[in-house]
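Structure, as structure tokens:
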Number of protein chains: 2
Amino acid sequence: MMTPTTGIDTARVDKFEARRRELADAALQTLSELGYARTSLREIAQNSPFSHGVLHYYFRDKVELITYCVRRYKAVCVRRYDEIVAEATTAEELSAGFAEAIVTTLVADATMHRLWYDLRSQALFEESFRADVLEIDNTLQRMIWRVVSRYAELVGTGPSTPAATTYVMFDGLFQRALLLHLSGAETAADELRTGVRHLLELVAPPDLNR
Amino acid sequence: MMTPTTGIDTARVDKFEARRRELADAALQTLSELGYARTSLREIAQNSPFSHGVLHYYFRDKVELITYCVRRYKAVCVRRYDEIVAEATTAEELSAGFAEAIVTTLVADATMHRLWYDLRSQALFEESFRADVLEIDNTLQRMIWRVVSRYAELVGTGPSTPAATTYVMFDGLFQRALLLHLSGAETAADELRTGVRHLLELVAPPDLNR
DNA sequence: AACGATTTTGGACGACTGTCGAGTTCTTCT
DNA sequence: AGAAGAACTCGACAGTCGTCCAAAATCGTT
């Protein structure tokens, strides 16, 4: 017979999880500011209402904290991109809306995006990060695929490129734009906008026989 | 009147530079193994015939060493890609040779490539890395552009995409393949090969009116 | 109000970091 | 051979790191 889940137990678990999230958010804040290599547990704690000791009360060690952060980042990420997927009725509308949304997040959430690329690079070295990174990549890939598929549909054709390839092309475009933007290039946003629109046309070419 | 450059002076400078290169190569070895975040000066020295103190004899501080390493990496990189640029006489030959060369370096030089992506991510946080990273990126972009231009020429058309966009698409493709390869996916190499060939066709579509 | 459990604090620990400099070894030239 | 300078070693330094833990504070229940 299983132990029934009492109300008090779930309340405790909820509170525990809430605090974990709170600490993870403070950690994400610090990580996006300093980067993985320069972020310490004490620095994270200073950007939170707690002392540094509490981190080991809610997380076994640093790896578990960072892993939890990466997973949490994904939630933020998906939400962000879900907002991007517009309910456009024409190809032109979708293309313009999508490009605009990407450019907006490039500028508004630059530090969070650079953290993502930092952690993805860490996954090249630390095996413990790989599973989560690959999962986030796949999630983003599906997002992009939905946009491109819909665009191709509106244009009256099918995507000319596999989902995986399509995603990495958009990702490469964004990554480069992020570096330029953080380097102070005012042209970064504009280049990204035209790049995205060009790429959309490329992977979903207008059906000439329509 | 300028001070004439004596033979002995240049010999000393040469020796000094030679040792700097030697130390930088040891550092690159260690960096590619451990990643930026986990590499210390002592660890670098242990992967060299010298003690850790010597690093401050040849480099002012850690930043100068790493910067020198990045610049040196570029030299290796360019050499590598220069080998890739084949003297193909047909589009098919060039496409096959280029794809094959990329797949080969993906497997053979995986740790060096992951170091590059690590350092490029660091440039998102540390301003001191940006100039060198951007320069290397531009160099790689020109390499890719040469291949794509030549391919388009052989196909009898012009590239359909600007140089910057073309580069980041190939780069995104490679970056993803590297993560998959290091994660143990045997399919990574094959996917990269087909991805590269597909992308070549995409950015330099065969001229149907020829 | 008082008790036990949970949560939080902050100091201590050993290990490691980048940096520095005094001393030793090796080169080079007269 | 011996002096002068360059090249190198290695211990010391002041910090910082992740981790742990005993004590204090807070909370929920009676």
Side-chain angles (χ1 to χ4, degrees), chain A residues 3 5-27 30-31 33-70 118-119 122 125-126 128-129, chain B residues 5-27 30-31 33-70 118 122 125-126 128-129:
Chain A
T3 306
T5 307
T6 70
I8 181 165
D9 271 359
T10 59
R12 180 154 41 246
V13 168
D14 282 357
K15 198 179 170 193
F16 192 80
E17 267 302 310
R19 177 96 352 158
R20 274 169 76 98
R21 274 198 293 272
E22 187 179 357
L23 289 172
D25 284 341
T30 308
L31 282 165
E33 207 58 51
L34 301 179
Y36 175 82
R38 286 161 293 280
T39 297
S40 69
L41 295 183
R42 283 172 173 81
E43 193 78 32
I44 291 173
Q46 275 190 343
N47 283 17
S48 85
F50 305 99
S51 75
H52 70 271
V54 84
L55 287 169
H56 280 85
Y57 184 79
Y58 289 97
F59 299 95
R60 189 164 12 93
D61 55 15
K62 195 185 181 183
V63 172
E64 189 185 288
L65 168 62
I66 303 279
T67 302
Y68 189 91
C69 284
V70 176
D118 190 11
L119 292 176
Q122 295 310 312
F125 296 90
E126 286 208 17
S128 46
F129 290 170
Chain B
T5 307
T6 69
I8 181 164
D9 271 358
T10 60
R12 175 143 58 240
V13 168
D14 282 357
K15 198 178 171 194
F16 192 80
E17 268 302 307
R19 180 108 321 161
R20 273 168 77 96
R21 274 197 294 272
E22 186 178 359
L23 289 171
D25 284 342
T30 308
L31 282 165
E33 206 59 51
L34 301 179
Y36 175 82
R38 286 161 293 281
T39 297
S40 70
L41 294 183
R42 282 171 173 81
E43 192 78 33
I44 291 172
Q46 275 190 342
N47 284 16
S48 86
F50 306 98
S51 75
H52 69 271
V54 85
L55 288 168
H56 280 84
Y57 185 79
Y58 290 96
F59 299 95
R60 189 164 15 91
D61 55 15
K62 195 184 182 184
V63 172
E64 189 185 290
L65 168 60
I66 302 281
T67 303
Y68 188 90
C69 284
V70 177
D118 191 10
Q122 296 310 313
F125 295 91
E126 284 209 17
S128 45
F129 289 170

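The analysis underlying the following values was restricted to heavy atoms, covering all of them including side chains, and did not include hydrogens, waters or symmetry mates. As the structure is a prediction and not an experimental result, all values here were calculated from the model. Numbers restart at 1 for each chain; the letters A, B, ... are given by sequence-line order, proteins then strands.
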Rounded to the Å, how far apart are B/Glu64 CD and C/dC20 P? 12 Å
Has A/Asp61 got a side-chain atom pairing as donor or acceptor with A/Glu64's backbone, closer than 3.5 angstrom? yes
Figure out the CD/P separation between B/Glu43 and C/dT17, and round it to whole Å. 7 Å
For atom CG of B/Leu41 and atom P of D/dT9, their distance in whole Å: 15 Å
Please identify each residue that fulfils side-chain contact (heavy atoms from CB on, under 4.5 Å) with B/Ser128, with sequence neighbours left out. B/Val63, B/Glu126
Heavy atoms of B/Leu55 and B/Leu41 approach each other most closely as CD1-O, 3.3 Å
Listed by chain and number, what are the ring-ring contact (aromatic ring centres under 6.0 Å, His included) partners of A/Tyr68, not counting sequence neighbours? A/Phe59
Can you tell me how far P of C/dT17 sits from CD1 of B/Ile44, to the nearest Å? 10 Å
I'd like to check the side-chain contact (heavy atoms from CB on, under 4.5 Å) partners of B/Ala37; sequence neighbours left out, ordered by chain and number. A/Tyr36, A/Ala37, A/Gln122
Separation of C/dT8 atom P from A/Phe16 atom CZ, nearest Å, is 10 Å
Whichever of A/Pro49 and B/Arg38 has its nearest DNA chain C nucleotide further upstream toward 5': A/Pro49
Below 3.5 Å is the cut-off: list the nitrogen or oxygen pairs between protein and nucleotides 10-12 of chain D, distance only.
unit_1	atom_1	unit_2	atom_2	d
D/dG11	O6	B/His52	NE2	2.8
D/dA12	N6	B/Arg42	NH2	3.0

Residues that B/Ser40 engages under side-chain contact (heavy atoms from CB on, under 4.5 Å), provided they are two or more places apart: B/Arg42, B/Glu43
note: A/Glu22, atom CD; C/dT7, atom P; distance rounded to Å ~ 13 Å
Looking only at side-chain atoms of A/Ser40, point me to the closest of D/dG18, D/dT19, C/dT9. D/dG18
For B/Ala26 and B/Asn47, which heavy atoms make the closest approach, and how far apart are they? CB-O, 3.5 Å
Length of the line joining B/Leu55:CG and C/dG18:C1', which is rounded to integer Å: 11 Å
Look at B/His56 and C/dT19 and indicate whether a side-chain polar atom (N or O) is within less than 4.0 Å of OP1 or OP2. yes
Nearest to the side chain of A/Arg19 - C/dG18, C/dT8, D/dT9? C/dT8
Separation of C/dG18 P from B/Leu65 CG (nearest whole Å): 10 Å
Under 3.5 Å, which N/O atoms of the protein pair with N/O atoms of nucleotides 23-26 of chain D?
none

Indicate yes or no: at least one non-hydrogen side-chain atom of A/Glu22 is less than 4.5 angstrom from one of A/Phe50. yes
Have a look at A/Phe59 and say if it touches a base, only the backbone sugar-phosphate, or nothing, with a 4.0 Å heavy-atom cut-off. nothing
Verify side-chain contact (heavy atoms from CB on, under 4.5 Å) between A/Thr39 and A/Ile66, making sure each step is shown before the conclusion. CA-CA 11 Å; A/Thr39 297; A/Ile66 303 279; 6.0 Å; no
Base, sugar-phosphate, or nothing for A/Tyr57, non-hydrogen atoms under 4.0 angstrom? base
